[in-house]
Amino acid sequence: MVYDAAIIGTGPAGLSAALNLKIRDKNFIWIGSKNLSDKIVKAECISNYPGFTNISGKDFADAFRSQTEAMGIEIIEQMVNSIMPFSGHYALMAGSDFYEAKSIILTTGIANTAVLPGEAEFVGKGVSYCATCDGNLYREKTIAVLCNNARFEHEVEYLANIAAKLYYFPLYKNVSVNAGNIEMPNGKIVEITGEKRVSAVKLNDGGVLEVDGVFCLRDSVALSSLLPKLEAENGHIAVDRTMATNLPGVYAAGDCTGRPYQYTKAVGEGNVAAHSVLEYLARE
């Protein structure tokens, strides 16, 4: 199946885009977290969103979730690893699943973790973002795993069951992974090195660990890895007033397009992006 659109990200911009495409009866897929937005949930008080007076982040998120359910909009809880042009539209890889869409709306928010030196150069040459996709390539080998969220711990343990040795670098507290071949070094990864393929990681304490591969399990993938040739400006996706990027059929909305990082701005841009997609599809 080729969807009319794929929305990547489930914050306010993604919700706004999804509502508008649903109302216009478009066939789309919405990929992200079923919790919608951790940023919203953690907000103590929201006082600048029209129609709500000093609402808590939890209640605000619950209102978003209720509207999604009432509209019958489904969220596919996955992380998109890559997007690429494919037969006149776009192909998306999310874990081991493959989707196709005529247009893309990126509502990915702001990635909190910078790309490591060497990371982009070794994608597909020892650097991976998907344990299920690439884990078997490292059976009985030594790997390093960088992870910024406890919700990926099941993937870490899956990799530990495959690998001979796993160096684990969690970027969160209260780690609960449990496998005998997991070692947690004191240092942090500062660079991925190698020649034709990954061969080692350098640590901030001066240490060097020889590895066969590196898995980066993050809440979001760097845009440079997610969608090559996507133009950026001042660290954000470059868009025009229609929320169009430099790539045909690809639009962006919300925090990923730049400041101000406000819910009202995100919702408005999501609306504009959805209507731009409708116009794009009508021209196809």
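All residue numbers in this chain count up from 1 along the given sequence.
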Going only through I, L, V, M, F, W and Y residues with side-chain contacts under 4.5 Å, is there a path from [X] to [Y]?
| X | Y | value |
| --- | --- | --- |
| Y280 | I7 | yes |
| L209 | V190 | no |
| I105 | F86 | no |
| L92 | I237 | yes |
| L19 | I76 | no |

So which atom in [X] and which in [Y] form the shortest heavy-atom distance, rounded to 0.1 Å?
| X | Y | result |
| --- | --- | --- |
| Y251 | S276 | CE2-CB, 3.5 Å |
| P185 | L203 | CB-CD1, 4.3 Å |
| C256 | G109 | CB-O, 3.3 Å |
| A253 | A273 | CB-CB, 4.3 Å |
| I189 | L116 | O-CD2, 3.5 Å |
| V250 | L227 | CG1-CD2, 3.9 Å |

Working for side-chain contact (heavy atoms from CB on, under 4.5 Å), residues V127 and K125:
CA-CA 6 Å; V127 169; K125 301 175 183 178; over 6 Å; no
Selection [range] - residue pairs positive for salt bridge (Lys or Arg N to Asp or Glu O under 4.0 Å), sequence neighbours left out:
| range | answer |
| --- | --- |
| residues 53-78 | K58-D62, D62-R65 |
| residues 145-160 | R151-D219 |
| residues 241-257 | K39-D255 |

For Y168 and V175: C-alpha separation, side-chain torsions, deciding distance, then whether side-chain contact (heavy atoms from CB on, under 4.5 Å) applies.
CA-CA 10 Å; Y168 191 40; V175 177; 3.9 Å; yes
Student check: side-chain heavy atoms of [X] and [Y] closer than 4.5 Å:
| X | Y | result |
| --- | --- | --- |
| Y90 | P248 | yes |
| I104 | I83 | yes |
| V267 | Y49 | yes |
| T10 | S37 | no |
| L166 | L159 | yes |
| S47 | F52 | no |

Can you name the residues that form a side-chain hydrogen bond (donor to acceptor under 3.5 Å, both in side chains) with [X], not counting sequence neighbours?
| X | answer |
| --- | --- |
| T257 | K265, E269 |
| Y99 | Q78 |
| N48 | Q262 |
| D212 | none |

So does [Y] get a backbone contact from the side chain of [X], meaning a donor-acceptor N/O pair under 3.5 Å?
| X | Y | result |
| --- | --- | --- |
| D240 | M243 | yes |
| T107 | G254 | no |
| N246 | K229 | yes |
| N20 | N271 | no |

D4: which residues meet the salt bridge (Lys or Arg N to Asp or Glu O under 4.0 Å) condition with it, sequence neighbours left out?
K102
Among all residues two or more places apart in sequence or in another chain, which pass the salt bridge (Lys or Arg N to Asp or Glu O under 4.0 Å) test with K165?
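Partners of K165 by the salt bridge (Lys or Arg N to Asp or Glu O under 4.0 Å) criterion, ordered by chain and then number, come out as E183.
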Rounded to the nearest 0.5 Å, what separation is found between the [atom1] atom of [X] and the [atom2] atom of [Y]?
| X | Y | atom1 | atom2 | answer |
| --- | --- | --- | --- | --- |
| S103 | L278 | OG | CG | 8.5 Å |
| N136 | K141 | CG | NZ | 11.5 Å |
| L217 | C147 | CG | SG | 5.0 Å |
| L226 | S82 | CG | OG | 7.5 Å |

Could you go step by step and tell me if F215 and I143 meet the side-chain contact (heavy atoms from CB on, under 4.5 Å) rule?
CA-CA 8 Å; F215 285 79; I143 59 175; 4.1 Å; yes
Please test L106 against L230 for side-chain contact (heavy atoms from CB on, under 4.5 Å), starting from the C-alpha separation and ending with a verdict.
CA-CA 11 Å; L106 299 169; L230 182 68; 3.8 Å; yes
Under 3.5 Å donor-acceptor pairs involving side-chain atoms of residues 191-199, not counting sequence neighbours:
residue	atom	partner	partner atom	Å
T193	OG1	A200	O	3.3
R197	NH2	Y138	OH	3.3

Specify whether F64 and F60 have parallel, tilted or perpendicular ring planes, treating 30° as the upper limit for parallel and 60° as the lower limit for perpendicular.
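Taking F60 first and then F64, their aromatic rings sit tilted (interplane angle of 30° to 60°).
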Please verify the inter-ring angle class for H236 with Y261; under 30° counts as parallel, over 60° as perpendicular, anything in between as tilted.
tilted
What residues form a ring pair (Phe, Tyr, Trp, His ring centres under 6.0 Å) with Y167, not counting sequence neighbours?
none
Using residues 23-34 as the side-chain source, report each donor-acceptor pair under 3.5 Å to any protein atom, sequence neighbours left out, with the distance given to one decimal.
residue	atom	partner	partner atom	Å
W30	NE1	G9	O	2.8
S33	OG	N35	N	3.0

